[in-house]
Q: 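The structure follows.
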Amino acid sequence: MQGFKKAFAEQLRLALPSQEVTLERPKDYQKGDLAFPCFKASQSLGMSPQSLASLLASKIKIKDATIEATGPYVNLRLLESVRSRETLASTLGNYPLPPQEKKNATILVEYSSPNIAKLFTIGHVRSTMLGHALANIYAQEGYEVVRLNHLGDWGTQFGTLLAAYELWAKDSNPELEKNFPWAAEYSSESTTPLHRLLQLYIRFHAEEEKNVSLREDARAWFKKLENQDPDARRLWKKFRDLSLIEFNRIYERLGVTFDSLEYGEAFYEDQIPGVLNALDSKGLLKEGENGSKVVDLSEEGFDIPCLIQKGDGTSIYASRDLAAALFRKSKWNYERCLYVAGSEQNFHFQQVFAILSKIDPWFKNKQTHVPFGLIKLPEGKMSTRKGNVIFLEDVLNEARDRIQKIISAKNPELSNQAATSEMLGTGAVIFINAFNDRNTSITFDWNKVLAFEGDTGPYVQYAHARICSIFRRAGGSWSQWAEPRSEDFGRLHFESIELPKSLQGLDHASAQHLIFELNGLEPALKASAISLSPTSLARQLLTISKAFSVFYNDSPILNVEQSEAIRQSRLLLCLATARVINQGLRWLGIFAPTEM
RNA sequence: GCACCCGUAGCUCAGCUGGAUAGAGCAUCAGACUACGAAUCUGGAGGUCGGGAGUUCGAAUCUCUCCGGGUGCACCA
């Protein structure tokens, strides 16, 4: 396909000297494989796009392809046999997409970043899986990717935890397990240490409403923590360790990894003075209210200064974000750093990025906040403090259980039902997040999040499972060829397959449509990289799966009274489809079952 | 007051840097399992793309404005 693209563009450039030639992919596969829109060129030539298109179409000749003008477009359409061969040859190598040239540049992706002592809610799945997908996509695009988790293990919120522990749990107060009615709904797991810490956190904020002085206790505890108080440090470490055990369990369940979990907020504790110095030496640090230190950003159009140090001398998240950026610059000398965090932090990141550019012009335009909308409840915002949240594990468990019921009804013979239910349930939850634009806020609805028919993860997974089912019947090495031999950072590595001399039985519409859509994987991946959103990738996977379902429905593959050559060719198309789906899902963080 | 996001079919949403007749899913109606898995497929119905103005050969897409919804604005992150 690349060869045809090059040849087509070259001939267009010859015919249109000094014109910009960019090729598109037609939306409708029947129009062809490549399209040149004539609008711009025709304007500067003083003719209508239609007549330019037909003029160009008569001039351009490319072997194995027809060139025709359709209205204002010149379309290149490959001969069916050539399209089949080109596509299968390129998808049945080691990788479904060829490895991109090394960019020799590093992209940092900061994502997930949960707070210590809080359980993952359904909201966390967005940052976690969005960041995971972006990291995979940029790795495929040839970048060196560093996966960072800016763990929320520092700050006054930690002070609240210490204060609450001191008040109510110091001597393992049995009351800790009561008084939180909502927790009873999660009784099976509410006895884990993290649940207890969360209960402390919630209780603290509930009592704080009645007793404002508790707020001061929390700040005092954080000050003790920053002042190396041994008790505070010991508890900090304990709480952090307990939390990480839970976090790692969730990450394992989601198949998400980080380069390191060490670079949380606490990691930058000893680097805060450096930040203050850097700001001060540039004359940026100003006195704020109550003895605090701030950076004035009125020149940048912000009517509120950015708080850098609190009145009691303790640090705040902005200072830690600045420290993190300075550290990252010296460690990775990055090209770009993506901050995958909720849109409610928009203002904060604008401030931080503005300050970074003031400290050092190097930072200009290197940081990007990748925001996403909230997941809300029908009654409004979720709030961990208030306890009206949906926990991620409950969603994953419910998804798994509902799938299990469906399997019991539809495929009771299935051998590894537990693993498959997990794969499909989690796949559904992850897919729906990738499927929708990250900016839109979602109102949580069990039946929508856990839908398994139509435009869903399981639909795509089903297409894969069906293909694998065909391979099991086909025998030979087919099943084995559909299995990746290895994986590195989301990229699947398969056995390279040689094509037979002639491909037969692929010239009809449904096969050609499927082939056309397989070619859409790469553009979709590029679009996802540019838009910093896996949506176009997820949608293309769905489109491919739909095209496969149509093909499957109208094209006998195994039990045909046809030639072995046709059977062979159609199996190869199935193989290419399975690999593309498997790879695409894996980029999103979803696994493709061979049976379901 | 400052900043950001959203408004497209009954519902949930796609529609990429303006471009070929505005697309999916759900729901609804009518069909397809004695063919490789019906978690599927085929077809019907359903939209003055929130209103208005502007830029353009061309606007769901860009600009302005208004209306409606959501979010954040210094001692939480």
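None of these values were measured; they are calculated from a predicted model. In what follows, every chain begins at residue 1, and chains take the letters A, B, ... in the order their sequences are listed.
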Q: Select base, sugar-phosphate, or nothing to describe what A:Ile407 touches, counting heavy atoms under 4.0 Å on all strands.
A: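 The residue A:Ile407 makes base contact.
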
Q: Side chain of A:Lys546 only, heavy atoms from C-beta on: which candidate in B:rG37, B:rA24, B:rC36 is closest?
A: B:rA24

Q: Would you please test A:Glu517 and A:Lys546 for salt bridge (charged side-chain N to carboxylate O under 4.0 Å, His left out) and show each step?
A: CA-CA 10 Å; A:Glu517 295 303 349; A:Lys546 275 182 203 169; over 6 Å; no

Q: If a pair satisfies salt bridge (Lys or Arg N to Asp or Glu O under 4.0 Å) and one of its residues is in residues 522-535 of chain A, list it, with sequence neighbours excluded.
A: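 Salt bridge (Lys or Arg N to Asp or Glu O under 4.0 Å) check on residues 522-535 of chain A returns A:Glu141-A:Lys526, A:Glu522-A:Lys526.
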
Q: Would you classify A:Glu595 as touching base, sugar-phosphate or nothing, given that sugar-phosphate means primed atoms plus P, OP1 and OP2, and contacts are heavy atoms under 4.0 Å?
A: base

Q: At under 4.0 Å between heavy atoms, which parts of nucleotides 58-65 of chain B does protein reach? Answer with one letter per nucleotide, 5' to 3': B base, S sugar-phosphate only, - none.
A: --------

Q: Below 4.0 angstrom, N of the basic side chain to O of the carboxylate: do A:Glu216 and A:Arg219 qualify?
A: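 Result for this pair is yes, salt bridge flagged.
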
Q: If I take atom OG from residue A:Ser549 and atom OH from residue A:Tyr459, how far apart are they, to the nearest 0.5 angstrom?
A: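 So the gap between those two atoms works out to 3.5 Å.
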
Q: Centres of the A:Tyr339 and A:Phe353 rings: under 6.0 Å?
A: yes

Q: Restricting to nitrogen or oxygen on both sides, can you table the protein-nucleotides 11-14 of chain B pairs closer than 3.5 Å?
A:
{"residue": "B:rC13", "atom": "O2'", "partner": "A:Asn436", "partner atom": "OD1", "Å": "3.0"}
{"residue": "B:rC13", "atom": "O2'", "partner": "A:Arg539", "partner atom": "NH2", "Å": "2.9"}
{"residue": "B:rA14", "atom": "OP1", "partner": "A:Asp437", "partner atom": "N", "Å": "2.8"}
{"residue": "B:rA14", "atom": "O4'", "partner": "A:Arg539", "partner atom": "NH1", "Å": "3.3"}
{"residue": "B:rA14", "atom": "O4'", "partner": "A:Arg539", "partner atom": "NH2", "Å": "3.3"}
{"residue": "B:rA14", "atom": "O2'", "partner": "A:Arg539", "partner atom": "NE", "Å": "3.2"}

Q: Mind jotting down which residue pairs meet the side-chain hydrogen bond (donor to acceptor under 3.5 Å, both in side chains) criterion with at least one end in residues 427-446 of chain A? Sequence neighbours excluded, please.
A: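 Qualifying pairs, neighbours excluded: A:Arg126-A:Asn433.
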
Q: Using a heavy-atom cut-off of under 4.0 Å over every strand shown, decide if A:Phe302 touches base, sugar-phosphate, or nothing.
A: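 If one applies the 4.0 Å heavy-atom cut-off, A:Phe302 turns out to touch nothing in the nucleic acid.
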
Q: Return no unless some side-chain N or O of A:Tyr552 is found under 4.0 Å from OP1 or OP2 of B:rU42.
A: no

Q: Using a distance-only criterion (donor-acceptor N/O pair, under 3.5 Å, no hydrogens), is the base of B:rU21 paired with the side chain of A:Lys31?
A: yes

Q: In terms of base orientation, is B:rC26 syn or anti, with the syn window spanning 90° either side of 0?
A: anti

Q: Would you please name every residue forming a salt bridge (charged side-chain N to carboxylate O under 4.0 Å, His left out) with A:Glu207, sequence neighbours left out?
A: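 Salt bridge (charged side-chain N to carboxylate O under 4.0 Å, His left out) list for A:Glu207, sorted by chain: A:Arg203.
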
Q: Nearest whole Å is fine: how far is B:rG18 P from A:Lys40 NZ?
A: 7 Å

Q: Any pair with a residue in residues 305-324 of chain A that passes salt bridge (Lys or Arg N to Asp or Glu O under 4.0 Å), sequence neighbours left out, goes on the list, sorted by first then second residue, please.
A: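 Residue pairs passing salt bridge (Lys or Arg N to Asp or Glu O under 4.0 Å), neighbours aside: A:Glu265-A:Arg320.
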
Q: What are the residues of residues 519-526 of chain A, sorted by number, that bring a heavy atom to within less than 4.0 Å of RNA chain B?
A: none

Q: Taking the six-membered ring of A:Phe516, is the NZ or CZ of A:Arg25 close enough (under 6.0 Å from the centre) and on axis enough (within 45°)?
A: yes

Q: How does protein contact run along nucleotides 71-77 of chain B, one letter per nucleotide 5' to 3', with B for base contact, S for sugar-phosphate only, - for none, heavy atoms under 4.0 Å?
A: SBBBBBB

Q: For RNA chain B, what are the stems built from at least three Watson-Crick or G-U pairs in a row, each pair having both distances below 3.5 Å?
A: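 Listed by first number, the stems are B:1-5 with B:69-73, B:10-13 with B:23-26, B:28-32 with B:40-44, B:50-54 with B:62-66.
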
Q: For A:Ser531, enumerate each residue passing the side-chain contact (heavy atoms from CB on, under 4.5 Å) test, keeping only those at least two apart in sequence or located in another chain.
A: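 Result, side-chain contact (heavy atoms from CB on, under 4.5 Å) vs A:Ser531: A:Ser533.
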
Q: Among pairs that include at least one residue of residues 37-46 of chain A, which meet side-chain hydrogen bond (donor to acceptor under 3.5 Å, both in side chains), considering only residues two or more places apart or in two chains?
A: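 Matches after skipping sequence neighbours: A:Gln19-A:Ser44.
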
Q: Give a yes/no verdict on a cation-pi contact between A:Arg402 and A:Phe452, requiring under 6.0 Å between NZ or CZ and the six-membered ring centre and an angle within 45° of the axis.
A: no

Q: What is the distance, to the nearest angstrom, from the CG atom on A:Asp445 to the P atom on B:rA27?
A: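 My rounded result for the distance is 13 Å.
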
Q: Between B:rG37 and A:Ser469, is there an OP1 or OP2 to side-chain N/O distance shorter than 4.0 Å?
A: yes

Q: Throw together a table of side-chain donor-acceptor distances under 3.5 angstrom for residues 69-76 of chain A, partners on residues two or more places apart or in other chains.
A:
{"residue": "A:Thr70", "atom": "OG1", "partner": "A:Asn75", "partner atom": "ND2", "Å": "3.1"}

Q: For the pair made of CG in A:Asn411 and C1' in B:rG37, what is the distance, rounded to whole Å?
A: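 Going from CG in A:Asn411 over to C1' in B:rG37 covers 8 Å.
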
Q: Considering every strand and a 4.0 Å limit on heavy-atom distances, what is the contact class for A:Gly342: base, sugar-phosphate, or nothing?
A: nothing

Q: Side-chain N or O of A:Arg570 versus OP1/OP2 of B:rC36: is the shortest distance under 4.0 Å?
A: no

Q: I need the NE2-P distance between A:His369 and B:rA3, as an integer number of Å.
A: 18 Å

Q: Which is true for A:Ile308 with a 4.0 Å heavy-atom rule: it touches a base, it touches only sugar-phosphate, or it touches nothing?
A: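 Answer is nothing: A:Ile308 stays at 4.0 Å or more from every strand.
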
Q: Expressed as a whole number of angstroms, how long is the span from A:Met47:CE to B:rC57:P?
A: 18 Å

Q: Return the CD to CD distance between A:Glu564 and A:Gln504, rounded to the nearest 0.5 Å.
A: 11.0 Å

